[in-house]
Amino acid sequence: MARGCGRERDVRYDVVRIVAMTFVVAVHALMVIDAGTPFGNAYVVFGQAVFYTCNALFFILSGRFNLTHRNGEMPGRFYLKKARGILIPVLILFLLRTAYNLWPQFPGLRAFGVAYVKNVLGAFAGTEYWFIYTLVSLLVVVPFLAPAFSRFDRKRQNLFIGIGFAWFTALFFLTGRGIAFSWTYLFTGFAFPFCIGPFVEERFKGRERVLWLAMPLCAVTTTWLVLSGFTSQALGAFDNSPLYMLLSIGMYLALLDLGGRVRGTTARRAILFVAKHSFTVYLVHLPVMHVLRALMPAAPGVLGYALHPLLALGTILVSLAVAIVLDAALIRPAQRLFDVAVSRLTVRRAG
C-alpha cells in the first residue's frame, strides 16, 4: 500500500531501507578479515559484491519517493522538506563527527569552526559520507527531472534502461581490457538507479524470478573478475558495472517481495521504528564501529570470520541506541525550530 491519508505506511520500502543500512555496516565490518590470504581476499571481494548493493538500493529508494510529479510542481516545498529531513541531521552529525575526529585535542573555537566548515564543504566527501554529497546533488535537480521521469511511458522507460545498461557494459568491459572509453553518459554511476526509481518495479514486473536467479551469478562473476585482475573497485566493479546494476535491481525487488510477506503488528512496528532511525544510524555507524573494533584482537586471523558478523551486529545495535538518543535530543528539536522559523516566515510573507 502506498503512503497517503487514511492508508498504512508501506513497510516493504522500510525493509529495503533497513537491509541497505545493514549492508553498509556489513561491508565496513569486513575490516576484521585478513585479505592477505587467498580465502580471506575472496571472502572480502564477494562480500563487497553483495553488500555494496546498499548504495544502489538507497538511490533507487530515493528516486522512487522523490522523482514524483508533485515534487516537480512544488519545488519550494520540496526543498524545505529536504532541508528539514536531510540537511539538519547532516549538519548536526557533521559537527559531532568533527569533534570526534579532533578528540582528545581541542584546537580552540576558531580552529574547530574552520575544520567544521571545511568538512561540510567537502573534506568529508572522502569518507563514508560521500553518499550525502552525491544524494544532495541529485535532489537539487529533482524539480527539473521529476516532470519527465515521473511520466515516462513504457517505451521511454525501456529505452532509458537499455541505453544505461549498454553504456555500463561498454565502459566496464572495455576498461577491463585496458581500452580507453571516453564516450560519457549523463546518467552514469548512481544517477542511473536514482532515475529508474519511479518505474523499476513496473518495468521488471513479472521478471522478478529471472532476476533472482541471475543474482548469485552476478555476484560470483563479479568476484571472479575482481580476483582475476580484470576489474577492481577503482575500475567500477561495484558501481559502473552491468553485473552490479542487475544484482542491485534484483536485490531491490527481492527485498520488496520479502517486505510484502511481513505480517503482524509487532513486526510492522519494529520495522517502522528501526527505519525511522536508519539515516542517523548510517551517519554514526563508522565511529561506533571503530570503537568496537578497538576492543577486538588486532590480528584476529581465522577468528575474523566469526568477528565479522559480530562486529556488524554490535555496530548496528549500538548505533541504533546512539541514533535514538541523538534523534530525540538534537535532531528532532532542531527540526521543530526549523518548522517554527518556516511557519513564521510564511506568515510574514502572507501578511
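Position 1 is the first residue of the sequence; numbering continues from there.
- Ser278 places a side-chain N or O within 3.5 Å of a backbone atom of Ala275 that can act as its donor or acceptor partner.
- Contact check on Arg17 versus Asp14 returns a salt bridge, with a Lys/Arg side-chain nitrogen under 4.0 Å from an Asp/Glu carboxylate oxygen.
- Atom CZ in Arg84 sits 9.0 Å away from atom CZ in Arg336 (nearest 0.5 Å).
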Compile the donor-acceptor pairs under 3.5 Å between side chains in residues 131-147 and protein atoms, sequence neighbours left out, one pair per line.
| from | atom 1 | to | atom 2 | distance (Å) |
| --- | --- | --- | --- | --- |
| Tyr133 | OH | Asn119 | O | 2.7 |
| Tyr133 | OH | Val120 | O | 3.1 |
| Thr134 | OG1 | Trp130 | O | 3.3 |
| Ser137 | OG | Thr134 | O | 2.6 |

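- In this structure, CG on Leu311 lies 10.0 Å from NE2 on His290, to the nearest 0.5 angstrom.
- Between Ile33 and Leu30, some side-chain heavy-atom pair lies under the 4.5 Å cut-off.
- To the nearest 0.5 Å, the span separating CZ on Phe165 from CZ on Phe160 amounts to 11.0 Å.
- A donor and an acceptor atom, one from each side chain of Thr98 and Asn101, are nowhere located under 3.5 Å apart.
- Residues satisfying the ring-ring contact (aromatic ring centres under 6.0 Å, His included) test with Phe279, not counting sequence neighbours, are none.
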Problem - Verdict with reasoning, Leu330 to Leu96, per side chain to side chain contact (heavy atoms under 4.5 Å, CB included) - result: CA-CA 11 Å; Leu330 295 177; Leu96 296 178; 4.1 Å; yes

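- Side-chain contact check for Val44 versus Gln48: some heavy-atom pair is nearer than 4.5 Å.
- Remark: side-chain polar atoms of Arg97 are not paired, donor with acceptor, to backbone N or O of Ile92 under 3.5 angstrom.
- With values rounded to the nearest 0.5 angstrom, Thr53 atom OG1 is found 8.5 Å from Phe51 atom CZ.
- No side-chain donor-acceptor contact under 3.5 Å links Tyr13 to the backbone of Leu61.
- Between Tyr305 and Phe39, the gap from one ring centroid to the other is short of 6.0 Å.
- The aromatic rings of Phe152 and Phe149 sit tilted relative to each other, their planes meeting at an angle between 30° and 60°.
- Two rings, from Phe190 and Phe59, have their centers less than 6.0 Å apart.
- In this structure, the ring of Phe192 has its center less than 6.0 angstrom from the ring center of Phe168.
- For the atom pair Ser232 OG and Leu225 CG, the distance stands at 11.0 Å (nearest 0.5 Å).
- Residues Leu80 and Phe338 meet the side-chain proximity criterion, which asks for heavy atoms closer than 4.5 Å.
- To the nearest 0.5 Å, the span separating CZ on Phe230 from CG on Leu235 amounts to 9.0 Å.
- Just one of Arg156, Arg151, Gln157 meets the side chain to side chain donor-acceptor pair (under 3.5 Å) condition when paired with Asp153; it is Arg156.
- The side chain to side chain donor-acceptor pair (under 3.5 Å) test with Asn240 singles out one residue from Thr175, Thr231, Thr188, and that residue is Thr188.
- Residues Val340 and Leu345 fall into different hydrophobic clusters, defined by Ile, Leu, Val, Met, Phe, Trp and Tyr side chains chained together at heavy-atom separations under 4.5 Å.
- Ring-plane geometry between Phe58 and Tyr282 is classed as tilted, the angle between the planes lying from 30 to 60 degrees on a 0 to 90 degree scale.
- Lys82 and Asn66 share a side-chain donor-acceptor pair at under 3.5 Å.
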Practice task
Please test Arg268 against Arg263 for side chain to side chain contact (heavy atoms under 4.5 Å, CB included), starting from the C-alpha separation and ending with a verdict.
Solution key: CA-CA 7 Å; Arg268 285 180 53 85; Arg263 298 290 184 270; over 6 Å; no

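- Residues Phe172 and Trp167 fail the side-chain proximity criterion, which asks for heavy atoms closer than 4.5 Å.
- Under a cut-off of 6.0 angstrom, the local environment of CD1 in Ile179 is crowded, with over 12 non-hydrogen atoms contributed by other residues, nucleotides or ligands.
- Listed for the His308 side chain is no donor-acceptor partner under 3.5 Å among the backbone atoms of Leu303.
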Got a list of side-chain donor-acceptor pairs under 3.5 Å for residues 243-254, not counting sequence neighbours?
| from | atom 1 | to | atom 2 | distance (Å) |
| --- | --- | --- | --- | --- |
| Tyr244 | OH | Tyr52 | O | 2.7 |
| Tyr244 | OH | Ala56 | N | 3.2 |
| Ser248 | OG | Tyr244 | O | 2.8 |
| Tyr252 | OH | Glu201 | OE2 | 3.2 |

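- Tyr100 and Ile331 end up in different hydrophobic clusters when Ile, Leu, Val, Met, Phe, Trp and Tyr side chains are linked at under 4.5 Å.
- With Met21 as reference, Val281 is the one residue of Leu320, Val281, Val16 to meet the side-chain contact (heavy atoms from CB on, under 4.5 Å) rule.
- Residue Ile196 comes nearest to Ile161 through the heavy atom pair CG2-CG1, 4.1 Å, listed as atom of the first residue, atom of the second, then distance.
- Under the 30°/60° scheme for interplanar angles, the aromatic rings of His28 and His285 are found to lie parallel.
- Without hydrogens or angle criteria, Arg110 side chain to Pro107 main chain gives no donor-acceptor distance under 3.5 Å.
- A perpendicular orientation is assigned to the rings of Phe94 and Phe124, their planes being inclined by more than 60° (bins at 30° and 60°).
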